[in-house]
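Remarks on the structure that follows.
In this chain, numbering begins with 1 at the start of the sequence shown.
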Amino acid sequence: MKPINLKKLFMIHSWVGVITAILLFIVAFTGAIAVLSRPELKIWANPEIHQFESVPAVKITELVNEYHKKVPEDFAKNIHIYIPNGYQTHLLTILFESHDGDENYEEETAFAYEFDPITFELVNEYYGLAQAYYDNRKTDAPSFIGHFHADLHLGRPIGLILTGFLGLTLLVSTITGLFIHRQYLKELFTFRRKKGLDVLVSDAHKVMGIWGSLFYGVIGFTGAFLGLASVILLPAAAFVSFGGDQDKLVETFTVIPTPEISHKYLPTQLDSMIIETEQRYPKASIRNITVMAHNDANAEVYLSILGGEAVQTQLIQFKGNGEFVKSMSTLGDIPGVSIQVLNLLFPLHFGNFGGIFVKLLWTFLGLATALLPLSGMMMWLSKRTRGSNPSLSIVAYQRWNRVIIGSCGGLVLACVVLFPAQLILNYAVAGSLHNNYFGPLFFYTWLAWFALAVFPINYHRYLQLTVLVFSVACISVLPLNIMLSNSHAFMPNNHFITLVDLTFLVLGITSLVWGTKGINQRLKAKNTLRLEGQTA
């Protein structure tokens, strides 16, 4: 490649990275947590489902039939059953919905009943607007972080557009970085740990960039599509094919159409459908069930399952009498390569295939994705402090490092403090009232830590303090869970909860050791190199 073209690529790579580095870190770090948020961390955060295995199919049928009698008949046309296995709710939920409202509401209205997943006692019931019910369901720490990753809590369309364009910048940085660093074999294994901090950061940036380039490209592309699809691509498709009518577009591709009501009674065989689905797909989990026209001769039932041999989420369609119809993707039974590619976007982005090993790999690579733009920005800043006529003064360099630590380190602390807070809220605050605490705790922690960057603190000490607080938050999870929870680590059949708590403990101890010793050693090494340079 010509030197002038290489220089242009380097300029694009540098400026795209510098401008979006902190935002990319924010999205990538929360994305790494979001990979494990459902179902793993959501199960950990909700003691009600610690011992949950499955809901008997017969029990689901009994509850639906019982509560069907308590709601107006129009609400039986559309019934949603949410299984509490860590994907959506922590309670067994049966929601009867009317798309046309009723005498009190003109919009979509719902009756919702929530049951304890072990005893099946009625815990909560709701009547009102359907959207209000969904908006006010109990959240938890991992779900809050997962939602923040999707749109930075800026809502639509701003949040989704921003995260979508950040996916594009990651894709551009990955491609330009591969062209710039062409000595792949040499740089794949070059990692000089005993050199100064600048050399360590440079080597880490190249190693992470080359080894994870395929992953970054996939995450960048899928993230861009998932962020931009509903706010840009969907209106564009509606404009081209349906004259701008988005409702018509959605109606055309609706996977679950409303059947015609026959008004002929025929019991809906929910239990046989659930049992058959479990037999057909023994390695998959049923996430939710949609019943259309319950107990009508034209009833149809759709079971949403995840796992097994299929990479993407599947819909299993039955007739009301229990007859199996077909399995299809959530986009419908539409042939074509393009539909197959679209089906792969979500599981590829979040690692929802191949079991826990793939998820852990995606989490590790997600953390590398977060560190990549950060290390690049550190290299860019460090380069401008060197030479006989540096463009960045030492004071400005330290200020920029404090900004990085305050914004990125503050985000890490804001995320990690939610986990011990989750245990305290489980003990002291009931149900959906949890929702009032996660937002303020997250954003105020982040803001308070970022505010420290204003003060002229030595940025190494600032980093050390950040690591120390992170360590304390992680280490506190295990003892808090033991003290405050009736379902905690080391209890019989709570192996998964024990594993999560011990993981927090190991993370906390490891970061504490590195924070107290490693940073000091790097600081001494950097000062020694500077003194040697001045002596020479």
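- For His50 and Phe496, the gap between ring centers reaches or exceeds 6.0 Å.
- Checking Asp296 against Ser262 by side-chain atom types alone, a donor-acceptor pair falls below 3.5 Å.
- Here the straight-line distance linking atom CD1 of Ile81 with atom OG1 of Thr93 works out to 10.5 Å at 0.5 Å rounding.
- Aromatic ring orientation, Trp446 versus Phe443: parallel (interplanar angle below 30°, classes split at 30° and 60°).
- In terms of the salt bridge (Lys or Arg N to Asp or Glu O under 4.0 Å) criterion, residue partners of Glu62 (sequence neighbours excluded) are, by chain and number, Lys59.
- Residues Tyr127 and Asn104 bring a donor and an acceptor atom of their side chains to less than 3.5 Å of each other.
- With sequence neighbours left out, the salt bridge (Lys or Arg N to Asp or Glu O under 4.0 Å) criterion links Glu40 to Lys359.
- Using modelled atom types, one finds no donor on one side chain facing an acceptor on the other under 3.5 Å when comparing Gln312 with Asn352.
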May I have the step-by-step check of side-chain contact (heavy atoms from CB on, under 4.5 Å) for Tyr126 and Asn136, ending in yes or no?
CA-CA 11 Å; Tyr126 170 88; Asn136 294 301; over 6 Å; no

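- Residues Met292 and Asn78 are in side-chain contact: their nearest non-hydrogen atoms beyond the backbone lie under 4.5 Å apart.
- With sequence neighbours left out, the side-chain hydrogen bond (donor to acceptor under 3.5 Å, both in side chains) criterion links Asn481 to Asp501.
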Between Ser285 and Asn85, is a side-chain hydrogen bond (donor to acceptor under 3.5 Å, both in side chains) present by the stated rule, with each step listed?
CA-CA 8 Å; Ser285 298; Asn85 48 18; 4.9 Å; no

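- Within 6.0 Å of CG in Leu499 there are more than 12 heavy atoms belonging to other residues, nucleotides or ligands.
- Partners of Lys70 according to the salt bridge (Lys or Arg N to Asp or Glu O under 4.0 Å) rule, which considers only residues two or more places apart in sequence or in another chain, do not exist here.
- The closest side-chain heavy-atom distance from Ile33 to Pro142 is not below 4.5 Å.
- Ile49 and Pro84 make their closest contact through CG2-O, 3.1 Å (heavy atoms, listed as atom of the first residue, atom of the second, distance).
- Note on residues 214-225: pairs passing side chain to side chain donor-acceptor pair (under 3.5 Å), not counting sequence neighbours, are Thr222-His349.
- Within 6.0 Å of the CZ atom in Phe324, the count of heavy atoms belonging to other residues, nucleotides or ligands exceeds 12.
- Minimum heavy-atom separation, Met273 to Gly320: CE-O, 3.4 Å.
- In Phe442, the CZ atom is crowded: over 12 heavy atoms of neighbouring residues, nucleotides or ligands sit closer than 6.0 Å.
- Nearest heavy atoms, Asp140 versus Asn46: OD2-ND2, 3.1 Å.
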Tell me, with the steps shown, if Ile356 and Leu36 meet side-chain contact (heavy atoms from CB on, under 4.5 Å).
CA-CA 9 Å; Ile356 189 63; Leu36 294 172; 4.1 Å; yes

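- With hydrogens and angles disregarded, a donor-acceptor distance shorter than 3.5 Å links the side chain of Ser476 to the backbone of Ala473.
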Using distance only, find each side-chain donor-acceptor pair of residues 424-433 under 3.5 Å and give its atom names and separation, not counting sequence neighbours.
from: Asn426; atom 1: OD1; to: Gln422; atom 2: NE2; distance (Å): 2.9
from: Asn426; atom 1: ND2; to: Ala45; atom 2: O; distance (Å): 3.0
from: Asn426; atom 1: ND2; to: Gln422; atom 2: O; distance (Å): 3.4

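- The shortest side-chain heavy-atom distance between Ile475 and Leu505 falls under the 4.5 Å cut-off.
- Annotation: the span from Asp271 atom CG to Ile60 atom CD1 amounts to 9.5 Å, rounded to 0.5 Å.
- In this structure, His99 contributes its side chain and Glu108 its backbone to no donor-acceptor pair below 3.5 Å.
- Within a 6.0 Å radius of CD in Glu66, other residues, nucleotides and ligands contribute more than 12 heavy atoms.
- The line from CG of Leu371 to CG of Leu367 is 7.0 Å long, rounded to the nearest 0.5 Å.
- Remark: Thr313 engages Arg287, Ser304, Leu306, Thr330 in a side-chain contact (heavy atoms from CB on, under 4.5 Å) (not counting sequence neighbours).
- With a 4.5 Å cut-off on side-chain heavy atoms, Phe419 and Leu480 do not count as touching.
- Side-chain contact between Ser143 and Lys42 is present, with at least one heavy-atom pair separated by less than 4.5 Å.
- In terms of heavy atoms, Pro420 sits closest to Val477 at CD-CG2, 4.0 Å.
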Leu166 and Thr169: CA distance, side-chain angles, deciding distance, side-chain contact (heavy atoms from CB on, under 4.5 Å) verdict:
CA-CA 5 Å; Leu166 286 172; Thr169 61; 4.1 Å; yes

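- The CG atom of Leu303 sits 6.5 Å away from the CD1 atom of Ile274 when rounded to the nearest 0.5 Å.
- In terms of heavy-atom proximity, Gly322 sits nearest to Ser272 at CA-OG, 4.1 Å.
- Remark: Asp135 pairs with Gln131 by the side-chain hydrogen bond (donor to acceptor under 3.5 Å, both in side chains) rule, at least two apart or across chains.
- Pairs passing the ring-ring contact (aromatic ring centres under 6.0 Å, His included) check and including a residue from residues 67-89, sequence neighbours excluded, read Tyr67-Tyr113, Tyr67-Phe115, His68-His294, Phe75-Phe111.
- Ring pair Trp44/Phe504 is tilted by interplanar angle, where 30° to 60° counts as tilted.
- Nearest heavy atom pair, residue Ala293 against residue Ala299, reads O-CB, 2.9 Å.
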Working for side-chain contact (heavy atoms from CB on, under 4.5 Å), residues Ile261 and Asn298:
CA-CA 6 Å; Ile261 308 298; Asn298 290 339; over 6 Å; no

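- The shortest side-chain heavy-atom distance between Leu502 and Phe490 falls under the 4.5 Å cut-off.
- Counting heavy atoms from C-beta on, the side chains of His90 and Phe52 never come closer than 4.5 Å.
- Take Thr277 and apply the side-chain hydrogen bond (donor to acceptor under 3.5 Å, both in side chains) test, not counting sequence neighbours, and it matches no residue.
- Here Glu276 pairs with Arg280 under the salt bridge (Lys or Arg N to Asp or Glu O under 4.0 Å) rule; sequence neighbours left out.
- Phe29 and Phe25 have their aromatic ring centers within a separation under 6.0 angstrom.
- For Thr163 (side chain) and Ala150 (main-chain N/O), a donor-acceptor pair under 3.5 Å exists by modelled atom type.
- Partners of Tyr265 under the side-chain contact (heavy atoms from CB on, under 4.5 Å) rule, at least two apart in sequence or in another chain, are Pro267, Asn295.
- The CG atom of Asn288 lies 4.5 Å from the CD atom of Gln88; values are rounded to the nearest 0.5 Å.
- Not a single donor-acceptor pair under 3.5 Å links the side chain of Asn494 to the backbone N or O of Ile497.
- For the atom pair Ile305 CD1 and Glu278 CD, the distance stands at 10.5 Å (nearest 0.5 Å).
- Ser485 has its side chain out of reach of Leu423: every pair of non-hydrogen atoms, C-beta onward, lies at least 4.5 Å apart.
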